[in-house]
There are 2 protein chains.
Amino acid sequence: MSEHNHIPLHSLKVSCSSCSLRELCLPVGLNREEMSQLDTVIRQSRRLKRGEYLFHSGESFKSLFAVRTGFFKTCVASQDGREQVTGFQMSGELMGLDGISTGNHSCDAIALEDSEVCELPFNRMETLSRDIPSLQHHFYRLMSREIVRDQNVMLLLGNMKAEERIAAFLLNLSQRLSTRGFAANDFILRMSREEIGSFLGLKLETVSRTLSKFQQQGWIAVDHKHIQLVKVDDLKNLISGCSHANGH
Amino acid sequence: MSEHNHIPLHSLKVSCSSCSLRELCLPVGLNREEMSQLDTVIRQSRRLKRGEYLFHSGESFKSLFAVRTGFFKTCVASQDGREQVTGFQMSGELMGLDGISTGNHSCDAIALEDSEVCELPFNRMETLSRDIPSLQHHFYRLMSREIVRDQNVMLLLGNMKAEERIAAFLLNLSQRLSTRGFAANDFILRMSREEIGSFLGLKLETVSRTLSKFQQQGWIAVDHKHIQLVKVDDLKNLISGCSHANGH
DNA sequence: CGGTACCTTGAGCGGCCTCAATCAAGGTGG
DNA sequence: CCACCTTGATTGAGGCCGCTCAAGGTACCG
């Protein structure tokens with residue numbers, strides 16, 4: 001019966017202290033006792049199927065969510081229906097920070113593959129962070145990091161050309177995957193061309209064309225969602241230097 | 001001598017409890033005693049001349065700053081020198097939240113007119129927020145609001161056409177000015193066309209042309225930096241509805 | 001008065017979008 | 001097993017929006 005719920009709850013109690021993501025996630029800098037206090041607050045983890053919503057925009061905000069396994073996108077919509085993907089989240093990354101502001105989520109969070117998240121009831125986190133200064137500090141840092149990340153996306157959307165955006169996107173993914181122990185130059189895209197385009201402010205055809213172009217130049221290998229980075233330095237040159245500066 | 005310092009310090013001690021901005025700024029929801037605790041933490045206010053930097057990107061982060069009077073822009077730069085204005089701040093708005101993340105400011109903050117700010121030493125704010133739950137909560141909300149704001153800018157930069165961006169920009173300014181008691185439909189731009197363009201992901205010529213276009217249509221009146229909104233509904237239609245929906 | 005910063009307007013070009021056709025992969029039912 | 005549909009990706013052709021380059025114009029200021 002519990003296996004057939006629409007929103008199945010994982011029966012195993014999760015534990016930060018034993019989680020392989022603790023270096024990437026919330027518990028950074030906590031000692032053992034503080035960690036076990038944190039454990040008492042974390043709710044059971046929740047499993048989601050591909051395509052399932054973790055939360056909807058407008059929904060009442062109760063909890064933050066940390067990705068344990070899987071892959072998510074978050075997106076905002078304007079009044080007239082236009083949609084913008086605001087980010088892609090992988091293991092150890094937090095979702096829902098936008099909801100604190102008004103008490104309602106301001107974006108949708110959708111699983112791009114079968115995933116598992118930890119639920120962090122916010123008011124309990126808030127109380128706990130008063131007793132654990134390093135947790136409070138880490139929380140402030142997390143939110144600040146999100147602001148910095150958003151500012152960099154603004155820079156990308158405001159200044160960069162299509163090729164530069166795609167290069168920056170691939171390199172960003174590569175970097176995040178490698179800090180999680182995955183291959184930096186050989187990975188599977190979890191999102192569609194349209195979702196990449198929505199995130200980067202491009203149409204899906206432009207994304208497709210640009211990937212093809214990179215492949216023709218021998219910089220990457222594309223096989224549907226399977227991407228291999230062949231000449232990372234050339235990709236980096238595209239975004240950090242002017243085009244006339246040739247690699248090394 | 002103090003008047004001729006490069007970074008002059010205003011000699012008057014500021015006080016949140018007597019500040020006309022207290023409904024817009026940090027003290028929201030504090031009782032009298034909490035407010036006086038906050039007062040002890042706020043440093044002397046600092047005056048800046050037009051064009052002066054409040055902080056530079058890369059500088060060590062010590063304090064947040066709240067605008068008392070005047071007008072600021074914040075901007076980030078990419079490695080190859082491209083610059084993106086990430087926001088304009090007016091009275092009661094906070095700057096520096098991005099610095100918490102790494103301990104260094106990640107953007108520049110520059111006064112667009114002679115201005116005055118309150119300095120909020122962050123580690124003292126952090127300590128104080130442990131004793132005043134409503135202050136802690138308000139801090140979380142402020143940071144979250146910044147995240148939501150950035151997401152909306154991302155939506156603008158990723159989805160909107162030039163006319164829509166300009167309309168959204170004017171309406172946003174109008175709204176913020178009116179909550180501060182200024183006229184909503186008659187104001188002076190504090191920033192140049194180029195700065196508007198940088199914020200909106202457009203070139204200054206496009207900004208200028210679009211403003212002229214709006215004027216020709218009788219939606220606004222433009223006299224250099226003096227802007228009057230004549231047909232607010234038409235501007236709103238431009239962004240929220242499809243163009244065929246005419247406002248009654 | 002000359003100098004400078006800023007704004008406006010025009011002409012032409014180019015990058016990305018739009019529209020559309022084709023193709024591959026996966027699911028379903030006969 | 002194949003016919004059929006759906007979904008997503010690729011590729012082409014053409015058009016438009018915003019950029020680039022350029023030439024004034026205007027306000028401010030030493």
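Chain A is the first sequence line, chain B the second, and so forth, proteins listed ahead of strands; every chain is numbered from 1. Source: prediction; values computed, not measured.
Counting to the nearest Å, the P atom of C:dC16 and the CG atom of A:N159 are 13 Å from each other. One interatomic measurement links the two molecules: CD of A:E164 to C1' of C:dC16, which rounds to 14 Å at whole-angstrom precision. When rounded to the nearest whole Å, the span between CD1 of A:I220 and C1' of D:dT10 equals 14 Å. Rounded to an integer number of Å, the gap from A:L202 CG to D:dT10 P is 14 Å. B:K213 has its NZ atom 13 Å from the P atom of D:dC16, to the nearest Å. Distance, B:H226 NE2 to D:dT26 C1': 18 Å, rounded to whole Å. Here D:dC17 presents its P atom at 14 Å from NZ of A:K203, a figure rounded to the nearest Å. We find that CD1 of A:I196 is positioned 16 Å from P of C:dC16, with the value rounded to whole Å.
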Nucleotide-resolved protein contact map, nucleotides 6-14 of chain C, B/S/- at heavy-atom distance under 4.0 Å = -SBBBB---
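A donor-acceptor pair is defined here as one N or O able to donate and one able to accept, closer than 3.5 Å; no such pair exists between the side chain of A:S91 and the backbone of A:V67.
The side-chain heavy atoms of B:C107 and B:T74, taken from C-beta on, include a pair separated by under 4.5 Å. A:L170 has its side chain within reach of A:L211: a pair of non-hydrogen atoms, C-beta onward, lies under 4.5 Å apart.
Counting all heavy atoms, side chain and backbone alike, B:R176 lies closest to B:E93 at NH2-OE1, 2.9 Å.
Aromatic ring pairs are classed by plane angle as parallel below 30°, tilted from 30° to 60° and perpendicular above 60°; the pair B:H105 and B:F55 is parallel.
In this structure, a donor-acceptor pair under 3.5 Å is absent between the side chains of A:E83 and A:S198. A donor atom on one side chain and an acceptor atom on the other are found under 3.5 Å apart for B:E116 and B:S45.
Summarising the local packing, CD of B:E194 is surrounded by 12 or fewer heavy atoms from other residues, nucleotides or ligands at distances under 6.0 Å.
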I would like to know whether A:Q84 and B:M160 meet side-chain contact (heavy atoms from CB on, under 4.5 Å); could you show each step before the answer?
-> CA-CA 11 Å; A:Q84 169 83 19; B:M160 291 188 177; over 6 Å; no
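Using a 4.0 Å heavy-atom criterion, one finds that A:G197 contacts no nucleic acid atom at all.
With a cut-off of 3.5 Å on both pairing distances, the Watson-Crick and G-U wobble pairs of DNA chain D assemble into stems of 3 or more at C:1-30 with D:1-30.
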